[in-house]
There are 2 protein chains.
Amino acid sequence: MSLNHYKPSLRALEVFESAARMGGFTSAGNELGITQSAVSRQVGDLEAMLDVKLFQRRGAHVTVTPTGMRLAERLAVALKDMRAAVSEAARSDGMVTLSMLPSVAAKWFAPRLGRFVTAHPQIDLRVSASRHLVDFGAEGVDAAIRYGRGPWPGLAAQKLATETVSPVCTPFYAEQVGLNEPADLIQATLLYGDIPEDWEAWFAVAGCTENVPPGPRLGDDAAILQAVLDHQGVALGRSRLIEDDLASGKLVTPFDIRLSASHAYWLVQPEIVEKSDAMLRVEDWVKAEFD
Amino acid sequence: MSLNHYKPSLRALEVFESAARMGGFTSAGNELGITQSAVSRQVGDLEAMLDVKLFQRRGAHVTVTPTGMRLAERLAVALKDMRAAVSEAARSDGMVTLSMLPSVAAKWFAPRLGRFVTAHPQIDLRVSASRHLVDFGAEGVDAAIRYGRGPWPGLAAQKLATETVSPVCTPFYAEQVGLNEPADLIQATLLYGDIPEDWEAWFAVAGCTENVPPGPRLGDDAAILQAVLDHQGVALGRSRLIEDDLASGKLVTPFDIRLSASHAYWLVQPEIVEKSDAMLRVEDWVKAEFD
DNA sequence: AAATTAGCATCAGATTAAATTATGAAGCAA
DNA sequence: TTGCTTCATAATTTAATCTGATGCTAATTT
């Protein structure tokens with residue numbers, strides 16, 4: 001029956017889609033910059049190949065059949081996607097997208113962004129701040145700064161830095177509650193973050209035998225730091241994220257007792273992918289900034 | 001800079017996608033049934049056209065760049081869609097898909113299906129039973145039987161039939177409750193359907209001045225008829241949907257008082273689409289069955 | 001009814017795109 | 001080094017696609 005069993009050229013599909021959308025072969029030819037004759041042949045060949053009527057001919061007019069309509073609609077979507085993907089790819093040269101947690105973006109990256117732009121004006125560096133494990137290919141992300149235990153399957157991970165955690169609060173809050181030694185924390189509001197076990201671990205390191213008082217769990221580290229800045233309580237601050245606020249005096253660490261964090265910062269990238277020049281420079285810069 | 005600003009041939013994209021997925025030009029060529037050389041050229045031309053590096057070359061090996069990776073992933077999805085659409089279209093010849101409400105499918109269509117198949121063995125008629133207003137193109141539906149006021153914008157609607165509604169219940173239930181005149185319904189459980197106002201309208205037609213008692217609203221007409229068959233109460237039955245159960249004696253209409261329904265049955269199709277022979281025959285059959 | 005018009009089909013030939021073959025170079029492994 | 005694999009490039013061939021002329025059909029106008 002069908003000799004040439006279906007695997008029509010994409011060109012034929014493209015032409016057909018236009019014909020269906022424009023409602024005629026002449027206007028489709030117009031849109032595509034080819035003649036009516038060419039459109040007619042492509043459509044005819046496609047119909048023969050699929051052994052399906054895509055248009056009903058009646059003299060000077062053609063009308064899509066339901067089958068043709070459905071095919072055309074699906075092709076239209078796919079073609080649009082392809083064109084969008086292509087034009088994005090064409091635009092994305094010299095662009096590097098870095099994914100990281102909102103807290104890292106706000107507290108580590110943002111203060112350094114100005115310096116990066118000065119050092120590398122030709123690189124279009126973008127940050128995608130999100131809390132989920134990013135899908136590099138699908139989301140157009142080139143690399144990620146992750147906070148975790150690493151490594152991750154299928155991904156190349158380079159350890160950037162470890163850090164310590166210690167209680168932080170505002171100077172005002174420390175004085176108000178009277179934080180002189182770890183045991184005074186019993187009187188304070190403890191804010192719990194992404195890794196709630198850390199408070200217990202810190203109390204152990206501090207040699208404090210009292211029960212660890214409970215407190216609100218706000219979830220997002222950026223939100224917790226904001227709460228601390230608002231004099232809401234004491235949180236365990238990650239050394240890499242509180243540098244700035246300590247330097248400016250907005251926050252203080254009332255005790256000099258630090259717990260080594262169980263998680264570290266990593267620079268993560270898909271394994272099979274080749275790094276661009278821009279990417280390599282971003283990578284070097286990130287590593288340098290973490291030292 | 002870029003002479004041939006982007007509008008690469010779909011073939012080039014197809015070839016590139018394969019190369020990215022297979023991780024090499026030779027194996028891509030293999031997959032596509034062409035030579036390595038052809039792949040190399042397509043990819044090279046594509047890169048030149050977009051002015052983007054899609055692969056990093058190092059002697060005998062190529063590695064996708066992040067940009068290439070992202071492009072390839074998106075193309076892969078689109079190409080898969082296109083191929084699926086094509087092979088579905090090829091398969092869907094002589095097939096007609098009819099959308100209707102589950103209640104209509106169960107009570108009107110199902111009893112007639114055998115007859116249709118006998119009369120038109122060469123037509124592959126499919127029924128899509130759903131309660132939402134179907135999107136013909138996207139869902140691959142050729143026509144719909146709708147119950148409503150019509151017409152609908154962009155759609156060609158032919159009125160099939162009007163109908164009447166009247167209370168129905170099982171003979172057992174009628175006797176148990178003692179349904180002799182409309183006022184006896186006060187003692188019964190009234191089941192409310194998609195158009196709850198109808199009970200009130202029917203009471204008015206019946207000349208019954210009592211307050212209409214409340215009752216459960218089950219929503220789906222098919223569910224309501226099932227509840228009636230289970231001796232759960234009295235519902236307003238649409239004449240077109242209860243024919244069978246009345247004929248078989250499973251249901252009775254205790255009073256011969258009928259309300260003309262505000263809604264009618266319509267055969268609905270997209271306007272711009274050309275009906276196939278199979279579709280025309282289905283259409284004729286549906287109309288005939290509604291008389 | 002005849003003429004006109006718009007739009008599609010079809011054919012032979014021209015043009016362009018794509019693929020091939022042959023060859024060279026770059027990396028990698030023994 | 002010597003193979004071995006794989007990609008790049010160039011010249012050539014092949015295949016796909018397009019064109020232009022012409023004929024056809026159905027609808028519309030005269």
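Naming: A, B, ... by sequence-line order, numbering from 1 per chain. All values below were derived from every heavy atom in this structure, side-chain atoms included, with hydrogens, water molecules and symmetry-related copies excluded. From a predicted model like this one, the values you see are computed outputs, not experimental measurements.
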Interatomic distance, [X] [atom1] vs [N] [atom2] [rounded to whole Å]:
{"X": "A:Q56", "N": "C:dA9", "atom1": "CD", "atom2": "C1'", "result": "15 Å"}
{"X": "A:N30", "N": "C:dA6", "atom1": "CG", "atom2": "P", "result": "14 Å"}
{"X": "A:L54", "N": "C:dC8", "atom1": "CG", "atom2": "P", "result": "15 Å"}
{"X": "A:E47", "N": "C:dA9", "atom1": "CD", "atom2": "C1'", "result": "12 Å"}

What residues 35-46 of chain B contributes to the DNA chain C interface at heavy-atom separation below 4.0 Å is B:T35, B:S37, B:A38, B:R41, B:Q42
Exactly one of A:K53, A:R57, A:R58 should register a salt bridge (charged side-chain N to carboxylate O under 4.0 Å, His left out) with B:E274. Which one does?
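Single salt bridge (charged side-chain N to carboxylate O under 4.0 Å, His left out) partner of B:E274 among A:K53, A:R57, A:R58: A:R58.
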For B:G23 and A:A12, take the nucleotide of DNA chain D holding the closest heavy atom to each; which residue's nucleotide lies nearer the 5' end?
B:G23
Ranges pairing with ranges for DNA chain C, where each run has three or more Watson-Crick or G-U pairs under 3.5 Å:
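Correct response: C:1-30 with D:1-30.
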Extract from the structure each pairing of a protein N or O with an N or O of nucleotides 25-30 of chain C at less than 3.5 Å, listing the distance.
none

What are the 5'-most and 3'-most nucleotides of DNA chain D lying under 4.0 Å from any heavy atom of chain A?
D:dT17 to D:dA26
Does the plane of the ring in B:H263 sit parallel, tilted or perpendicular to the ring in B:Y147? Use 30° and 60° as the thresholds.
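It falls in the tilted class, 30° to 60°.
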Which pairs with one or both residues in residues 116-125 of chain A pass side-chain hydrogen bond (donor to acceptor under 3.5 Å, both in side chains), sequence neighbours excluded?
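Residue pairs passing side-chain hydrogen bond (donor to acceptor under 3.5 Å, both in side chains), neighbours aside: A:D124-A:R126.
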Taking only side-chain nitrogens and oxygens of B:S9, does any of them come within less than 4.0 Å of OP1 or OP2 of C:dA18?
yes
Taking only residues two or more places apart in sequence, or in another chain, which ones meet B:H61 in a ring-ring contact (aromatic ring centres under 6.0 Å, His included)?
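Applying ring-ring contact (aromatic ring centres under 6.0 Å, His included) to B:H61 gives none.
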State, to 0.1 Å, how close A:M279 and A:A143 come at their nearest heavy-atom pair, and which atoms those are.
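That closest heavy-atom pairing would be CE-CB, 3.7 Å.
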